[in-house]
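Numbering starts at 1 and runs along the sequence shown. Owing to the predicted nature of the structure, the values given are computational and were not obtained by experimental measurement.
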Amino acid sequence: MLQKILPAAGIIVFILLSGTVSELSSIVLNIKSNLIILTGAFVCSLVSYPFRLFSDLFVNIRKAFSGEKTDLNALIKQIEVLAAIRRRDGKLVLDEKSKNIDNPFLKMGIEMVADGFDRYTIFKTLERRYDNFLQARRSQADLINTFIKLMPVFGFVGTIIGLINVLSNMGSAELIGKGVATALLTTFYGLLYANVIFLPISKKLAQKTKHDAMELALIIEGILDIADKTNAKAIGYRLRYCIGDYLQDDWTVSQKSQARPMRLPRLQPAPEKQEPMAG
């Protein structure tokens, strides 16, 4: 709770303090400055990226800031239950249980095991889905970084436009100073949007991507072990050990290790044996 209150309070204080910067300009000029930055950045981004990417990005931003994420400890326990069903009851019962799985990635892997796909096919299919997921998140991160770069640029463009207007209408020194301050207002807003809004969004999405990637890696490893009929407890222990200190509430990490957490091993299909050439 405190983690959410402190950033919100900091943003409010910053806005109140920065309000003194724009006191010299009218509300109309403030609106124009914001429109130059927002309209320019969004138009350039719409030209560069497909519209579907924007909708996916907004959905992930909402999930990232709402705190929606998978409980990895509960996921491991679910994989253990499915592994026990596979060893004890067979594929038919496993196929029935797969209908109650909410996670689409886990459900697809369990269905492939129940349908009798070989280990190599399961691995390549899940790996392709994992790569597609990472590629989609990279595109979203690239879009956010584009906003971060474009906001100050259009703020500077607005400043140049304002300075041109000041120089073309030379008057008293007081009016010139006020005009220059108003012209610099767009640069201020551009830096404000880039560093106070879009940069934190980028960091938040990066943390969510890290968590979701760990979730998918756990599922892939668990599915492959289920296909190999590995003991359920052995699967759970290995997955928890691979996560390391990532799960703070799990019994395996009640005492935090000083060693760096291990990454999940990236499995590769075994090379085919070549037949010896006839002499």
Side-chain angles (χ1 to χ4, degrees), residues 3-66 135-210:
Q3 188 177 4
K4 295 181 179 180
I5 294 176
L6 288 179
I11 292 174
I12 292 174
V13 172
F14 181 81
I15 292 175
L16 293 176
L17 294 176
S18 62
T20 57
V21 178
S22 58
E23 285 180 354
L24 297 176
S25 58
S26 64
I27 296 178
V28 175
L29 289 177
N30 284 319
I31 294 176
K32 287 183 178 179
S33 299
N34 283 276
L35 287 178
I36 289 175
I37 298 169
L38 295 176
T39 304
F42 274 100
V43 168
C44 289
S45 300
L46 284 172
V47 173
S48 304
Y49 298 93
F51 185 77
R52 173 67 182 276
L53 185 60
F54 286 83
S55 60
D56 294 340
L57 176 62
F58 291 146
V59 170
N60 282 326
I61 290 175
R62 179 186 61 80
K63 291 181 179 180
F65 282 90
S66 63
Q135 184 60 41
R137 290 299 176 88
R138 291 191 192 102
S139 299
Q140 295 176 16
D142 189 49
L143 176 57
I144 290 291
N145 291 331
T146 300
F147 280 124
I148 295 175
K149 294 177 182 178
L150 288 178
M151 294 295 180
V153 170
F154 280 98
F156 187 66
V157 169
T159 297
I160 294 176
I161 295 174
L163 291 176
I164 292 174
N165 292 331
V166 170
L167 295 176
S168 61
N169 297 286
M170 298 294 290
S172 64
E174 182 180 353
L175 293 177
I176 292 176
K178 186 176 181 179
V180 171
T182 302
L184 293 175
L185 188 63
T186 52
T187 298
F188 167 73
Y189 280 132
L191 295 173
L192 185 69
Y193 280 120
N195 295 281
V196 179
I197 297 179
F198 285 95
L199 186 59
I201 289 176
S202 175
K203 300 299 182 181
K204 197 72 173 180
L205 286 177
Q207 291 297 321
K208 187 178 188 306
T209 299
K210 178 182 177 181

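Between T209 and N60 there is no side-chain heavy-atom pair separated by less than 4.5 Å. The shortest distance between side-chain heavy atoms of S55 and R52 falls below 4.5 Å. Between I61 and Q140 there is no side-chain heavy-atom pair separated by less than 4.5 Å.
The distance from the OG1 atom of T186 to the CG atom of L191 is 9.5 Å, given to the nearest 0.5 Å. Atom CG in L53 sits 10.5 Å away from atom CG in L46 (nearest 0.5 Å). Once rounded to the nearest 0.5 Å, the distance linking OG1 of T146 with CE of M151 reads 10.5 Å. Between atom SG of residue C44 and atom CG of residue L150 there is a gap of 5.5 Å, rounded to the nearest 0.5 Å. Of the inter-residue distances, the one linking L205 atom CG with K210 atom NZ reads 15.0 Å to the nearest 0.5 angstrom. F58 CZ to D56 CG: the interatomic distance, rounded to the nearest 0.5 Å, is 10.5 Å.
Between the side chain of T39 and the backbone N or O of I36, no donor-acceptor pair lies under 3.5 Å. Judged purely by atom type and a 3.5 angstrom limit, S48 has no side-chain atom pairing as donor or acceptor with the backbone of S45. Under a 3.5 Å cut-off, the side chain of D142 and the backbone N or O of R138 do not form any donor-acceptor pair.
Annotation for Y49: atom OH counts as buried by contact number, over 12 foreign heavy atoms lying within 6.0 Å.
Of all non-hydrogen atoms in I144 and S202, the two that sit nearest each other are CG2-CB, 3.5 Å. Contact record, A64 with K204: O-CE, 3.3 Å, taken as the closest heavy-atom pair. Of all non-hydrogen atoms in Y189 and S33, the two that sit nearest each other are CD1-CB, 3.7 Å.
Among F147, F42, Y193, the single residue meeting the ring-ring contact (aromatic ring centres under 6.0 Å, His included) criterion with F198 is F147.
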